[in-house]
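Following: one structure in structure tokens, then a few remarks.
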Amino acid sequence: MNAVIRAITRVAVFQHGCRVIGIEQGFDGLIFNRHQELTTVGTREILALGGTILGTTNKGNPFSYREFDENGDIQERDYSRQALDNYNRLELDCLFVVGGDGTLQIAYKLFEMGIPVIGIPKTIDNDLEGTDYTFGFQTATQVACDALDRLHTTGRSHQRVMILEVMGRDAGWIALESGIAGRAHIILIPEIPYQLDKVLEKIKLRQEGGSPYSIIVVAEGAKEVGHDEITLKTASTRLQGVQQYGGVGNYLAEQISGKIDLEVRCTVLGHTQRGGTPNCFDRVLGTRLGVHAVHAALAGKFGHMVALKTPDITLVPLKDLAGVVRKIPLTSQLIQCAEETRISLGR
Ligand code: F6P
């Protein structure tokens, strides 16, 4: 996200003599009027920094803002008018909104209320329609792949089943790509509910073939045939209002361990996937999207999202994206590639 902030600031200031205002803490900053001027000097060193210098929040949906009342209960309130008034008071010409499907849906609603919006796609899950890749995904996938490389060591030398749980609520892009790169033997994704007997069959086949260890990657949103996703009871989600997934790795470990004569261990990668230094691809993609977002604004293409359509950055109407999650198509060559190289997808 910092790559986007830096690119927008540099192009807008150096090329077009504009002023750039950074809204702090996502939509919260628009609702409660918190912002700062962004300068080329102030954004000079941020390209390699993960996260965002402006901060972000999950609770700041201006149309249904979740906050505690005096009794400590959660109430939802519509702050969209207040957000619009604050936007108008700042006398801005355009609002760049960086986010995933939920954030871009809100962006479209603000556009419909009269705010000239340009959307910029962002999520590590890579599950946004209209763009080949979202930035953050490649970095997260590399973290997962590195973890798999390390898990091979213990798996092989201790002859164990090693399970890695990665993020991916509704789409298994991180699991599938990191699993292929990280030489996983079994990859379980939300798009293909798994059959336990198929998972066990693969582990046993490997044992019989002289490889008494297996590496499994499981996306947090993966589920067994006939069952629901597993949610994390310990997470506090009251403000965000979205149930957290998590636990499928340990659930699977329990399922497997009673049925085979190998030790089973589970590692949950969690938020380590979403932190740290963005890799080269993500820095370049963020920079390109930021540059083209300014071009789009100058051309008056409001209500659109900048998107990667390799090799170009193009524009996609925000209205076409509302509520659409890009799952891995079951006919995808990536799935075919995994299965033809003898990775089991649990089916
Ligand atoms: O950005 C999407 C995502 O990474 C999902 O894969 C995951 O379920 C979620 O974020 C975790 O969100 P939080 O940071 O709120 O726990």
Side-chain angles (χ1 to χ4, degrees), residues 1-4 25-28 50-52 54-61 64-67 74 97-107 119-131 133-145 147 164-179 187-191 217-223 228-252 266-276 278-279 282 285-286 289 305 321 323-328:
M1 282 186 275
N2 283 329
V4 173
Q25 299 295 131
F27 294 119
D28 266 28
T52 157
L54 291 172
T56 183
T57 173
N58 277 316
K59 61 186 167 120
N61 181 347
S64 53
Y65 191 86
R66 293 170 74 90
E67 56 192 354
I74 290 284
V97 180
V98 190
D101 59 329
T103 303
L104 293 175
Q105 262 184 63
I106 297 170
I120 301 174
K122 177 232 65 149
T123 161
I124 65 160
D125 290 353
N126 201 36
D127 60 357
L128 254 180
E129 270 303 333
T131 184
Y133 282 104
T134 49
F135 59 83
F137 169 69
Q138 298 284 354
T139 304
T141 304
Q142 187 63 54
V143 172
C145 178
L164 180 70
E165 180 183 305
V166 299
M167 282 187 173
R169 289 180 77 80
D170 306 304
W173 296 102
I174 296 177
L176 188 56
E177 291 210 5
S178 70
I187 303 175
L188 305 178
I189 55 177
E191 291 84 347
V217 193
V218 56
E220 63 182 353
K223 50 186 179 292
D228 290 334
E229 298 85 3
I230 296 178
T231 53
L232 199 61
K233 303 285 179 293
T234 51
S236 163
T237 57
R238 282 187 302 166
L239 280 172
Q240 190 174 317
V242 176
Q243 193 52 263
Q244 283 303 286
Y245 288 179
V248 66
N250 279 305
Y251 173 74
L252 186 66
C266 171
T267 302
V268 180
L269 212 46
H271 290 83
T272 55
Q273 287 155 99
R274 243 175 37 192
N279 75 3
D282 285 336
L285 181 56
L289 292 172
M305 173 184 90
L321 305 169
V324 188
V325 173
R326 187 172 64 130
K327 292 173 179 277
I328 304 173

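Note: hydrogens, waters and symmetry copies are ignored here, and every other heavy atom, side chains too, is used. First listed ligand is number 1; within each ligand, the first listed atom is number 1.
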Beyond-backbone contact of Val98 with Thr56, side-chain heavy atoms, under 4.5 angstrom: no
Over all heavy atoms of both residues, which pair between Thr272 and Val143 is shortest? Give the atoms and the distance, please. O-CG1, 3.9 Å
For atom 8 (O) of ligand 1, which candidate among Glu220, Met167, Lys122 holds the nearest heavy atom?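 Checking each option, the heavy atom nearest atom 8 (O) of ligand 1 is found in Glu220.
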Using a 4.0 Å heavy-atom cut-off, say whether His271 meets ligand 1 through its side chain, its backbone, both or neither. side chain
Would you confirm whether Gln273, through its side chain, and Gly270, through its main-chain N or O, come within 3.5 Å as a donor-acceptor pair? yes
Number the atoms of ligand 1 from 1 as they appear, then name those within less than 4.0 Å of a heavy atom of [X], with their elements.
X: Gly168; value: 6 (O)
X: Arg274; value: 1 (O), 3 (C), 4 (O), 9 (C), 10 (O), 11 (C), 12 (O), 13 (P), 14 (O)
X: Asp125; value: 2 (C), 3 (C), 4 (O), 5 (C), 6 (O)
X: Ile124; value: 4 (O)

Can you list, pair by pair, the side-chain donor-acceptor contacts under 3.5 Å of residues 228-235, counting residues two or more places apart and other chains?
residue, atom, partner, partner atom, Å
Glu229, OE2, Lys223, NZ, 3.4
Thr231, OG1, Lys233, NZ, 3.1

Non-neighbouring partners of Tyr133 that pass ring-ring contact (aromatic ring centres under 6.0 Å, His included), sequence neighbours left out: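 Only Phe137, Phe281 meet the ring-ring contact (aromatic ring centres under 6.0 Å, His included) criterion with Tyr133.
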